[in-house]
Amino acid sequence: MYSDSRKRGTYFIQTFGCQMNERDSETIAGMLEDDGYVKAEERDGSDVIIINTCSVRENADNRFFGQLGVIKKIKEKNPDSIVAVCGCMMQQKRVTDIIKDKYSWVDIIFGTMNIDEFPSLLRERRELGQHEYAVADSIDHITEGLPSRRKFKFKSFVNIMNGCNNFCTYCIVPYTRGREKSRPPEAIIAEIKRLADDGVKEITLLGQNVNSYGKADGFDSDFADLLYRIEDIDGIERVRFMTSHPKDCSDDLIKTFGRLDKLCPHIHLPVQSGSSRLLKKMNRRYTKEKYLELLAKLRDVRSDIAVTTDIIVGFPGETDEDFEETMDLVQKARFDSAFTFLYSKREGTPAAEYEDQVPDELKHARFNRLVDAINAISAEKNAAYEGRVEKILIEGRSARGGEGTCSGRTGTFKLVNFKCDESRAGQMADVKITDAGTFSLFGELV
Ligand code: SAH
Ligand code: SF4
Ligand code: F3S
């Protein structure tokens, strides 16, 4: 450890993509700070610039190469600065070949499974002055005990597993994150206890498919068992998790929503499509009916549970009938909200080779219809909150309301804005909902 930060310099991390990447960036920041680096307020002028990339859709790729162009100029002004790129895009040889060939100002490339090596790559880069590359295709264990610099004091992500074994035919993630690998339950519990001691009240367990936690590693604990064990940790008041795959959403897991007080009544359960025919082509391994059955069971166990989802529009071969099935599912499922995506062709995935790609114009028209239907339901669902008193974890100043306004989430993950002193961030409070919009609620402290 270096006590004098001036010995090392400043760092800035730009993070794209999902919560897994956000969590990885916290680890990268933690390692850098242990080595004496200090977080910079802005990218320009910082000594180490890191871009943690996402590859899930094509526009993410394009944005990244755009950023590298901007960084070239920054580096011209500050030639001693070091540029490192990491994350899911780096797991594709096509991408790293382009960077090595055309973006010589990038000093370090490291993969999603080489995060723990970053401090030594950085040291070598500074000492030897050469490019440093480390991209592995697989790991046999998850490195424990890495430091972390959390974004929030009172809530935290906890990674429980890496990778994905599902190979949905549209998705790049199994190729960028490798096979499923779970952390031992003891290590997870120990981390959460440490977080609780540190004042954390809410944790979100992370994995691409948390419902298959432990399966690939042959652990005795499955995901439901893990939730029971976490319930007993003093200090933790709220537990969330994401993402769940419908094919592995077991009855045991569903029951936990009725039994565990700390488990928040919200599940993010990506459906992707309402057409059983397309779900099969996507390799999702459930049908529309099976999905609706799961929702009925969940609502049976916990009537107030909020359900959110992801939907892809324009998967290859999507017909009008397939799309109408999705519209029908949306009406029946009544999601609290949904992330909707235009299908994006990812090189190396099976669906990219399918010949019946849907024309852009049709994709967009369907997308707009779907979003309108989802928003109308979100607005109705939110309106039902008016007049209710909700428990909120105050997160700090609201992005919308400005000074003297805070925001926080209900157990069901609804964003609420209300007048409140920012010094109360991190506290739980009762808030009466006075007004509801499509995407957020407004209320007052009671
Ligand atoms: N593991 C999670 C999802 C991770 S990716 C799960 O299986 O539910 C997040 C979302 O991105 C997916 O749910 C999907 O809706 C979307 N997505 C993934 N690949 C995509 C692609 N090629 N085009 C458009 N959307 C995609
Ligand atoms: Fe991608 Fe499917 Fe794995 Fe989710 S479950 S990360 S959509 S392959
Ligand atoms: Fe993107 Fe990788 Fe997450 S591709 S969505 S950052 S796992």
Side-chain angles (χ1 to χ4, degrees), residues 13-25 51-61 63-64 85-92 95 111-113 115 157 159-181 205-213 215-216 241-249 267-274 278-279 281-286 291 294 307-316 318 326 335 337-354 357-358 360 363 366-367 370 374:
I13 309 177
Q14 210 174 352
T15 309
F16 296 91
C18 65
Q19 289 85 353
M20 308 292 276
N21 260 16
E22 281 181 44
R23 180 65 192 82
D24 287 345
S25 288
I51 308 185
N52 192 358
T53 61
C54 169
S55 198
V56 78
R57 283 169 291 276
E58 198 173 7
N59 56 3
D61 279 28
R63 279 174 72 192
F64 169 68
V85 293
C86 60
C88 289
M89 282 182 73
M90 301 311 129
Q91 296 298 131
Q92 293 157 283
V95 174
T112 57
M113 289 166 256
I115 289 174
F157 290 133
N159 191 38
I160 64 165
M161 60 199 294
N162 288 356
C164 182
N165 289 355
N166 290 320
F167 291 94
C168 302
T169 54
Y170 50 81
C171 184
I172 196 86
V173 172
Y175 308 91
T176 65
R177 290 273 169 176
R179 293 296 66 72
E180 270 177 27
K181 192 92 210 138
L205 307 172
L206 292 184
Q208 290 300 347
N209 177 13
V210 290
N211 303 355
S212 62
Y213 168 77
K215 279 189 191 160
F241 59 79
M242 71 187 311
T243 299
S244 307
H245 193 304
K247 82 174 164 61
D248 299 312
C249 194
I267 186 164
H268 185 65
L269 197 62
V271 65
Q272 314 299 359
S273 168
L278 277 197
L279 286 168
K281 280 183 74 183
M282 290 176 166
N283 193 28
R284 291 291 287 181
R285 286 172 274 178
Y286 53 86
Y291 184 87
L294 281 177
V307 183
T308 56
T309 201
D310 294 344
I311 300 176
I312 297 176
V313 176
F315 181 81
E318 184 185 69
T326 299
F335 296 112
S337 65
F339 293 108
T340 42
F341 304 106
L342 289 165
Y343 167 74
S344 170
K345 210 170 168 179
R346 304 318 286 133
E347 207 179 299
T349 63
E353 306 297 321
Y354 296 171
Q357 301 285 331
V358 178
D360 276 353
K363 263 197 229 177
R366 287 179 183 164
F367 184 86
L370 179 67
I374 288 167

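For ligands, and for the atoms within them, numbers begin at 1 and follow the listed sequence. Here the structure is a predicted model, which is why all the values come from computation and not from measurement.
Distance from atom 1 (Fe) of ligand 2 to its nearest protein heavy atom, with residue and atom name: C171 SG, 2.3 Å. Nearest protein neighbour of atom 26 (C) of ligand 1, counting heavy atoms only, is R57 NH1, 3.6 Å. Taking atom 8 (O) of ligand 1 as the reference point, the nearest protein heavy-atom neighbour is P270 CG, 3.0 Å. Nearest non-hydrogen protein atom to atom 6 (C) of ligand 1 is T243 CG2, 3.9 Å. If you check which protein heavy atom lies closest to atom 7 (S) of ligand 2, you get Y170 OH, 3.3 Å. The closest protein non-hydrogen atom to atom 5 (S) of ligand 2 is N166 ND2, 3.3 Å. Nearest protein heavy-atom neighbour of atom 14 (C) of ligand 1: Q272 OE1, 3.4 Å. Of the protein's heavy atoms, D310 OD2, 3.8 Å lies nearest to atom 9 (C) of ligand 1. Atom 2 (Fe) of ligand 2 has as its closest protein heavy atom C168 SG, 2.3 Å. Scanning all protein heavy atoms for the shortest distance to atom 7 (O) of ligand 1 gives R284 NH1, 3.4 Å. In this structure, atom 4 (S) of ligand 3 lies nearest to the protein heavy atom S55 N, 3.3 Å.
Taking CD1 of I51 as the start and CD1 of I13 as the end, the distance is 11.5 Å to the nearest 0.5 Å. Going from atom CE of M282 over to atom OG of S273 covers 5.0 Å, rounded to the nearest 0.5 Å.
At least one heavy atom of L342 sits closer than 4.0 Å to an atom of ligand 1. Using a non-hydrogen distance threshold of 4.0 Å, V56 registers as a contact of ligand 1. Using 4.0 Å as the threshold, R284 has a heavy atom nearer than that to some atom of ligand 2. Within the 4.0 Å heavy-atom shell around ligand 3 one finds R177. Assignment of G87 to the shell around ligand 3 is not supported, since no heavy atom sits closer than 4.0 Å.
Proximity to C164 (heavy-atom distance under 4.0 Å) selects the following atoms of ligand 2: 3 (Fe), 5 (S), 6 (S), 8 (S). The atoms of ligand 1 that sit less than 4.0 Å from any heavy atom of R346 are 22 (N). Taking every heavy atom of H245 and a limit of under 4.0 angstrom, the matching atoms of ligand 2 come to 5 (S). Close contacts between ligand 3 and N21 involve ligand atoms 6 (S) [criterion: under 4.0 Å to a heavy atom]. For ligand 2 and F167, the ligand atoms under 4.0 Å from any heavy atom of the residue are 8 (S). Counting atoms of ligand 3 from 1 in the listed order, those under 4.0 Å from a heavy atom of Q208 are 7 (S). Near V173, with a cut-off below 4.0 Å to any heavy atom, the atoms of ligand 2 are 6 (S). Contact atoms of ligand 2 toward P174: 8 (S) (distance under 4.0 Å to a heavy atom of the residue). Within ligand 3, the atoms closer than 4.0 Å to a non-hydrogen atom of C88 are 2 (Fe), 4 (S), 6 (S), 7 (S), numbered from 1 in the order shown. Of all atoms in ligand 3, numbered sequentially from 1 with element shown, those under 4.0 Å from a heavy atom of C54 are 1 (Fe), 4 (S), 5 (S), 6 (S).
For C18, every N, O or S atom stays at 2.8 Å or more from atom 1 (Fe) of ligand 3.
The 12-atom threshold is exceeded at CZ of R285, counting heavy atoms of other residues, nucleotides or ligands nearer than 6.0 Å. For F167, the CZ atom counts as densely surrounded, since its 6.0 Å shell holds more than 12 non-hydrogen atoms of other residues, nucleotides or ligands.
A donor-acceptor contact closer than 3.5 angstrom is absent between the side chains of D24 and N52. Side-chain N/O atoms of K215 and N165 include no donor and acceptor closer than 3.5 Å.
Centroid-to-centroid, the aromatic rings of F341 and F367 stay 6.0 Å apart or farther.
Nearest approach of C54 to N21, heavy atoms of both residues: N-ND2, 4.2 Å. Here the closest non-hydrogen pair linking N159 and R23 is CB-CG, 4.3 Å. Here the closest heavy-atom approach between residue I172 and residue R346 is recorded as CD1-CB, 4.1 Å.
Taking distance alone, with nitrogen or oxygen atoms compared against 3.5 Å, Q208 approaches ligand 1 more closely than that limit. At a 3.5 angstrom cut-off on N or O pairs, S344 counts as close to ligand 1. In terms of polar-atom proximity, defined here as any N/O pair under 3.5 Å, Y343 makes no such contact with ligand 1. The distance criterion of under 3.5 Å between nitrogen or oxygen atoms is met by Y170 with respect to ligand 1.
The aromatic rings of Y286 and Y291 lie tilted to each other, with the angle between the two planes from 30° to 60°.
At a heavy-atom cutoff of 4.0 Å, ligand 2 is contacted by no atom of P270, backbone or side chain.
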Practice prompt. Could you please spell out the steps behind the side-chain contact (heavy atoms from CB on, under 4.5 Å) verdict for H245 and S212?
Written response: CA-CA 8 Å; H245 193 304; S212 62; over 6 Å; no

Practice prompt. Using the side-chain contact (heavy atoms from CB on, under 4.5 Å) rule, take E347 and Q92 through it: C-alpha gap first, then chi angles, then the decisive distance, then the call.
Written response: CA-CA 10 Å; E347 207 179 299; Q92 293 157 283; 5.8 Å; no

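With a 4.5 Å cut-off on side-chain heavy atoms, F64 and V85 count as touching. A 4.5 Å side-chain heavy-atom check between V95 and M90 finds at least one atom pair inside the cut-off. Considering only heavy atoms from C-beta on, Q272 comes within 4.5 Å of D310 through its side chain. Between R177 and C164 there is no side-chain heavy-atom pair separated by less than 4.5 Å.
Exactly one residue among R57, R284, K281 makes a side-chain contact (heavy atoms from CB on, under 4.5 Å) with Y170. That residue is R284.
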